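Working notes, structure below.
In listed order, ligands and their atoms are each counted from 1. All figures in this text were calculated on a predicted structure; none of them were measured in a lab.
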Amino acid sequence: MIVLGIETSCDETGVAIYDSDRGLLADALYSQVDIHAEYGGVIPELASRDHIRKAMPLVRQVIAEAGIEDDAISGVAYTAGPGLIGALLVGASIGRSLAMGWGVPAIGVHHMEGHLLAPMLEESPPQFPFVALLVSGGHTQLVKVEGIGRYELLGESLDDAAGEAFDKVGKMLGLPYPGGPEVARLAAKGEADRFEFPRPMTNRPGLDFSFSGLKTFARNTIAEQSVDGELDPQTRADIARAFEEAVVSTLAIKCRRALEQTGLKSLIIAGGVSANMRLREVLEKNLAKVDGRLFYARPSLCTDNGAMIAYAGCQRLMAGLSEDLSIQAQPRWNLESLPAI
Ligand code: KG4
Ligand code: ZN
């Protein structure tokens, strides 16, 4: 089956073509970062309008890059939620309409299921069952995964998502939006032990997270260390390092706990923050100690992309699932409510 995938849930227009026999045939991404950077965060209406401008040209581009004709496409997948409602409706309208025009089935994909399955696009994909750490700009979740659509939420953030905390601390440090990759870059120049940030909610049982206190701790540290409202460059890097270390070790502690609790040995990490090199390094080390294995996707498939939506949609379409002719998007959508295949 050859599936066109469209991702428009937030600030990237991602379009890709996945072939169940040959793998990923084409994958194109247009990032709106420059549009939103000037405001320090995503402006939903600007996001929707830009998706409208970019989605169809990208559809044309990936069909050409895949070297196929329109009639080779046997299904269309689009992100139906969670995300910004206007942005989602752009992808849903285009995806549903193309499918109707081509006379093929369409499927609305859960954005986090897309992230969760992205490591499946890599050369040695994980085998079910496994534990998934989903860490994006909007979600921080630990999920027990027995198969596609067989998800049990083990824990999640009670306040900010990990990526959101990175973005907010990035802003406090005067870094451009999105802050995650910028904080990581700055942290690489920082000293490891100069500042000690807390590891929230690690000294009590459970698998939930909370990152908003860490954000406040960062704000206070920045205020204490600033001279005339300015941080010297080394202190700035040291704070970035301490913050990154605290997020990474908090995530790592909870991942170890989730593996112990479930008795599983495989951990996958997915979503934008799974591109973080320090997170990968620490988790690799921890898993080696317990004879476990870590799986993740290449960085371009960790952040939002069309390939993960094409892949997840393809699995569901091949199982015989599809949407009726209505155009639907769900800004909030529980991962556990998805049908198993
Ligand atoms: O999955 P994603 O592209 O979009 C959402 O579904 O939210 O995740 C974006 C998030 C942003 O918060 C971004 O700052 C963060 O992932 N991120 C990172 C890194 N790369 C992206 N955070 C830390 N380190 C990185 N290298
Ligand atoms: Zn995402």
Side-chain angles (χ1 to χ4, degrees), residues 5-14 16 27 29-33 36-37 40-42 44 47 51 78-84 87-88 91 109-119 132-141 156-157 160-173 175-188 190 209 211 214-215 218 240-241 243-252 268-283 296-309 311-312 331-333 335:
I6 303 174
E7 155 61 35
T8 63
S9 68
C10 189
D11 60 348
E12 337 253 5
T13 319
D27 180 19
L29 186 82
Y30 170 78
S31 171
Q32 303 179 348
V33 159
H36 304 293
V42 179
H51 286 308
Y78 54 85
T79 305
L84 303 170
L88 289 167
V109 172
H110 191 293
H111 182 78
M112 297 314 291
E113 177 172 76
H115 277 304
L116 196 157
L117 296 177
L133 172 70
L134 305 179
V135 269
S136 70
H139 293 80
T140 302
Q141 297 181 320
E156 65 183 332
S157 179
D160 292 0
E164 191 180 356
F166 264 100
D167 294 340
K168 288 177 177 168
V169 169
K171 209 171 185 175
M172 290 176 206
L173 290 170
L175 297 167
Y177 164 85
E182 300 283 340
V183 171
R185 214 168 294 139
L186 186 60
F209 304 90
F211 291 109
L214 208 48
K215 204 177 56 188
R241 176 74 189 258
F243 167 76
E244 178 181 60
E245 210 53 40
V247 175
V248 165
S249 70
T250 302
L251 293 173
I268 72 121
I269 53 172
V273 183
S274 70
N276 186 280
M277 292 302 160
R278 183 67 187 143
L279 177 65
R280 292 176 175 199
E281 190 186 347
V282 169
L283 289 176
Y296 45 76
R298 69 200 90 156
S300 63
L301 297 183
C302 289
T303 44
D304 290 349
N305 64 86
M308 65 185 195
I309 302 305
Y311 177 83
R332 292 178 162 271
W333 191 1
L335 188 67

Contact check: Cys10 to the Zn ion (ligand 2), N/O/S below 2.8 Å: no

Backbone or side-chain N/O/S of His115 under 2.8 Å of the Zn ion (ligand 2): yes

Among all the protein's non-hydrogen atoms, which is closest to [atom], and how far away is it?
| atom | answer |
| --- | --- |
| atom 6 (O) of ligand 1 | His111 NE2, 3.1 Å |
| atom 21 (C) of ligand 1 | Gly272 O, 3.4 Å |
| atom 24 (N) of ligand 1 | Asn276 ND2, 3.0 Å |
| atom 22 (N) of ligand 1 | Gly180 CA, 3.4 Å |
| atom 10 (C) of ligand 1 | Gly137 N, 3.5 Å |
| atom 13 (C) of ligand 1 | Asp167 OD1, 3.7 Å |
| atom 2 (P) of ligand 1 | Asp304 OD1, 3.3 Å |

Identity of the N, O or S atom of Asp304 lying closest to the Zn ion (ligand 2): OD1

His111 atom (N/O/S) at minimal separation from the Zn ion (ligand 2): NE2

Best match, Gly271, Pro181, Ala270, Ala162: closest heavy atom to atom 25 (C) of ligand 1: Pro181

Candidate list His110, Met308, His111, test side-chain contact (heavy atoms from CB on, under 4.5 Å), partner Thr79, passing option: His111

Separation of Thr303 OG1 from Arg298 CZ (nearest 0.5 Å): 11.5 Å

Gap separating the OG atom of Ser31 from the NE2 atom of His36, nearest 0.5 angstrom: 8.0 Å

Verdict with reasoning, Glu7 to Asn305, per side-chain contact (heavy atoms from CB on, under 4.5 Å): CA-CA 6 Å; Glu7 155 61 35; Asn305 64 86; over 6 Å; no

Proximal atoms of ligand 1 relative to Thr303 (non-hydrogen, under 4.0 Å): 3 (O)

Check: Phe211 ring centre within less than 6.0 Å of Phe166 ring centre: no

Smallest separation among heavy atoms of Gly137 and Glu164, with atom names: O-CB, 3.5 Å

Under 3.5 Å donor-acceptor, His51 side chain and Cys10 backbone: yes

Whether Glu182 side chain and Pro176 backbone form a donor-acceptor pair below 3.5 Å: no

Gly138 heavy atom under 4.0 Å from ligand 1: yes

Contact with ligand 1 for Glu182, non-hydrogen, under 4.0 angstrom: no

Pair Ile309-Ile6, side-chain contact (heavy atoms from CB on, under 4.5 Å): steps then yes or no: CA-CA 7 Å; Ile309 302 305; Ile6 303 174; 5.9 Å; no

Residue pair Glu244, Arg241: steps toward the salt bridge (charged side-chain N to carboxylate O under 4.0 Å, His left out) verdict: CA-CA 5 Å; Glu244 178 181 60; Arg241 176 74 189 258; 5.2 Å; no

Geometric N/O contact Gly163 with ligand 1, under 3.5 angstrom: yes

Part of His115 within contact of ligand 1 (heavy atoms, under 4.0 Å): side chain

Check against side-chain contact (heavy atoms from CB on, under 4.5 Å), Leu133 and Ser274: CA-CA 9 Å; Leu133 172 70; Ser274 70; over 6 Å; no

